[in-house]
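Only one structure is covered here, and it is reproduced in the block below.
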Amino acid sequence: MEYRIGIGYDIHRLVNERKLLIGGIEIPYLKGLLGHSDGDVLLHAVCDALLGAISQGDIGEHFPDTDPKYRGISSSELLKIVIKLVHSQGYKVSNLDTIIIAEEPKLTSFKGLIQSNLAKLLYIHKDCVCVKAKTNEGLGELGNREAIACYATVLIKKEQ
Ligand code: MG
């Protein structure tokens, strides 16, 4: 099979006294995302999309939140392990598309940085990564600023 696709989704609760990391970029905000790792909701969605594309389950199976080894770990480190797994199966990432759903903070000025960092982590050109940010129109927990959610979809191609 030459091409495979994968989808990823994640949501994390916003709490006080945590750094806000999205796509490996620290965003200035009064709250951050709760999690066993650094809570980087976008990188987790990307990990799940990649694992899905190679039919290797989900991030929770690979990095259990009961394992003290992963407490406070940078999600960039998790993504580095996942991309190695993708490459080890003979695939290269073609492109990545993402959506961040956050009522606050406004992410417009950080999208370029997030895009570049994702491209670097996936060993692809920046033009092959899209980062979209939107609000939840004030609806539900996301709209009430209680959480941030992300979707990611990825296409991978078998290397010749
Ligand atoms: Mg997560």
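For the numbers below, each heavy atom of this structure counts, side chains included, while hydrogens, waters and symmetry mates do not. Note that ligands are numbered from 1 as they come in the structure, with each ligand's atoms numbered from 1 the same way.
Within the coordination shell of the Mg ion (ligand 1), defined by N, O or S atoms under 2.8 Å, D40 is absent.
Of all N, O or S atoms in D10, the one lying closest to the Mg ion (ligand 1) is OD2. Looking only at its N/O/S atoms, H44 has ND1 as the one nearest to the Mg ion (ligand 1).
No hydrogens or angles considered: nothing links the side chains of T66 and H36 as a donor-acceptor pair under 3.5 Å. For the residue pair E159 / Y91, no side-chain donor-acceptor distance below 3.5 Å is found, with atom types taken as modelled.
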**OP:** Could you please spell out the steps behind the salt bridge (charged side-chain N to carboxylate O under 4.0 Å, His left out) verdict for R145 and E103?
**Re:** CA-CA 6 Å; R145 304 168 186 85; E103 207 69 23; 5.6 Å; no
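Applying the side-chain contact (heavy atoms from CB on, under 4.5 Å) test between V46 and each of L79, L78, D40, D10 identifies L79 as the sole match.
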